[in-house]
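Hydrogens, waters and symmetry mates play no part in the numbers below; they use all other heavy atoms, side chains included. Order of the sequence lines sets the chain letters (A, B, ...), proteins ahead of strands, with each chain counted from 1.
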Number of protein chains: 2
Amino acid sequence: MSATSTPNPCPSAPRFEVLARGCVSRPVLEHITGRWGALTLLGLREGPLRFSALRRRVDGIAEKALAQTLRALERDGFVHRDPGEGYPSRVEYRLTELGASTTALLYALADHVESRMPDVLAAQAAYDRTHPPRP
Amino acid sequence: MSATSTPNPCPSAPRFEVLARGCVSRPVLEHITGRWGALTLLGLREGPLRFSALRRRVDGIAEKALAQTLRALERDGFVHRDPGEGYPSRVEYRLTELGASTTALLYALADHVESRMPDVLAAQAAYDRTHPPRP
DNA sequence: CAGTATCCAAAAAGATACTG
DNA sequence: CAGTATCTTTTTGGATACTG
């Protein structure tokens with residue numbers, strides 16, 4: 001750290017503003033909501049998994065992307081990486097307490113979306129009916 | 001439409017699996033959690049806004065990105081677009097009921113992250129201390 | 001097994017200009 | 001004002017190969 005006199009960002013205070021660019025929590029929120037972040041956390045929700053198992057679980061993710069995502073989530077303290085000793089290597093990933101509490105909220109969100117899919121599909125159909133495919 | 005005999009994806013049933021590629025809810029979840037989706041929804045949380053006001057609120061977003069994001073969210077039924085008549089144009093965007101309920105969950109998530117930022121910053125510092133910057 | 005390294009293709013972000 | 005069009009630059013994604 002050292003006295004960085006950043007005019008600084010979002011007071012974690014009453015009104016919160018992740019909306020501000022430069023807010024320190026914004027990149028963190030992006031890690032957990034981003035393309036693979038959310039799915040990776042949800043993939044670990046039911047218990048620890050090893051790299052390949054997790055990769056199979058998060059359908060469609062590339063090794064590279066999974067590695068990157070896990071690194072970011074580990075750095076932010078959402079995921080704990082436990083490298084077992086021995087060979088061949090067995091590394092387990094598990095949610096930290098912070099990761100678990102966060103994932104619970106993420107799950108609530110995903111579950112809500114899932115339950116309201118009928119409305120979403122209806123909205124999409126209506127939209128497509130009234131909007132030109134692409135002139 | 002038309003009888004697509006998709007072997008199809010994620011039963012909205014008991015165990016849910018957004019994790020599956022091809023799951024219809026996955027792209028929707030991505031729209032609301034994606035790079036700008038979340039911030040745009042949060043930007044509308046306190047009330048309807050017009051395009052430029054929203055753009056100012058979601059700090060750093062480009063016109064193009066905002067237009068795209070709003071289109072996706074409108075199509076999914078999270079946002080309602082209300083084009084006022086007259087000139088110059090005044091278009092208002094507001095959350096639908098579905099958008100509002102979803103955004104409430106998103107807010108809970110963002111708020112949780114915000115409140116735990118001290119832990120996140122500590123984790124990041126610890127990580128950076130023990131991991132080589134880049135050899 | 002658990003990754004890293006590479007290379008290429010595809011997509012997204014940015015900046016600028018222009019229209020109803 | 002509310003966008004679209006266009007072009008350029010960066011980031012991603014995907015496939016393949018290789019190492020401890």
Side-chain angles (χ1 to χ4, degrees), chain A residues 19 21-22 26-27 29-40 43-44 48-75 79-94 127 130-135, chain B residues 19-22 26-27 30-40 43-44 48-75 79-94 127 130-135:
Chain A
L19 299 179
R21 185 166 61 206
R26 211 168 106 166
L29 189 64
E30 277 167 15
H31 291 156
I32 71 188
T33 62
R35 183 94 162 76
W36 297 114
L39 297 175
T40 301
L44 289 171
L49 288 176
R50 281 177 307 137
F51 191 86
S52 333
L54 181 55
R55 191 183 167 215
R56 264 181 305 266
R57 195 121 207 285
V58 182
D59 199 17
I61 193 171
E63 290 186 355
K64 192 172 66 171
L66 182 56
Q68 278 176 178
T69 302
L70 284 171
R71 229 179 292 125
L73 293 175
E74 189 198 349
R75 188 174 106 96
V79 165
H80 176 72
R81 180 176 183 275
D82 182 14
E85 49 258 62
Y87 189 86
S89 10
R90 285 183 134 254
V91 181
E92 264 202 356
Y93 291 91
R94 74 182 66 250
Y127 184 95
T130 55
H131 291 71
R134 43 164 152 158
Chain B
L19 300 178
R21 184 167 59 207
R26 213 167 103 165
E30 278 166 14
H31 292 155
I32 71 188
T33 64
R35 182 92 163 75
W36 296 115
L39 297 176
T40 301
L44 289 171
L49 288 176
R50 281 177 314 153
F51 191 86
S52 334
L54 181 55
R55 191 181 168 217
R56 258 172 269 123
R57 194 120 208 284
V58 182
D59 198 18
I61 194 170
E63 289 186 355
K64 192 172 66 172
L66 181 56
Q68 276 176 180
T69 302
L70 284 171
R71 230 179 291 124
L73 293 175
E74 188 197 351
R75 189 174 105 97
V79 165
H80 175 74
R81 179 176 185 276
D82 181 14
E85 48 258 60
Y87 189 87
S89 9
R90 287 185 130 254
V91 182
E92 262 202 357
Y93 291 92
R94 73 183 67 249
Y127 184 96
T130 56
H131 291 72
R134 41 165 152 156

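- Under the side chain to side chain donor-acceptor pair (under 3.5 Å) criterion, A:R81 pairs with A:Y93, sequence neighbours left out.
- The side chain to side chain donor-acceptor pair (under 3.5 Å) check on B:R55 picks up nothing, with sequence neighbours excluded.
- Between B:E92 and B:R90 there is no salt bridge, since no side-chain nitrogen of the basic residue lies less than 4.0 Å from a carboxylate oxygen of the acidic one.
- With contacts defined as side-chain heavy-atom distances shorter than 4.5 Å, the pair B:R94/B:L49 does not qualify.
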Please list, pair by pair, any protein nitrogen or oxygen found under 3.5 Å from a nitrogen or oxygen in nucleotides 10-13 of chain D.
residue : atom : partner : partner atom : Å
D:dG13  : OP1  : A:W36   : NE1          : 3.3
D:dG13  : N7   : A:K64   : NZ           : 3.4

Kindly list each side-chain donor-acceptor pair under 3.5 angstrom involving residues 59-69 of chain B, sequence neighbours excluded, with atom names and distances?
residue : atom : partner : partner atom : Å
B:D59   : OD2  : A:R21   : N            : 3.0
B:T69   : OG1  : B:A65   : O            : 2.7

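- Each of B:R56 and A:G60 was assigned the nucleotide of DNA chain D with the nearest heavy atom; the assignment lying further toward the 5' end belongs to B:R56.
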Is there any protein nitrogen or oxygen under 3.5 Å from a nitrogen or oxygen in nucleotides 17-20 of chain C, and what are the pairs?
residue : atom : partner : partner atom : Å
C:dG20  : N2   : B:S89   : OG           : 3.0

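- The nearest pair of heavy atoms linking A:L19 to A:R26 is O-NH1, 2.9 Å.
- Considering only the side chain of B:Y93, D:dG3 comes nearest among C:dC1, D:dG3, D:dC1.
- If you check every strand for non-hydrogen atoms under 4.0 Å, A:R81 touches sugar and phosphate atoms only.
- Stem regions annotated for DNA chain D: C:1-20 with D:1-20, counting only runs of 3 or more consecutive pairs of Watson-Crick or G-U type with both contacts under 3.5 Å.
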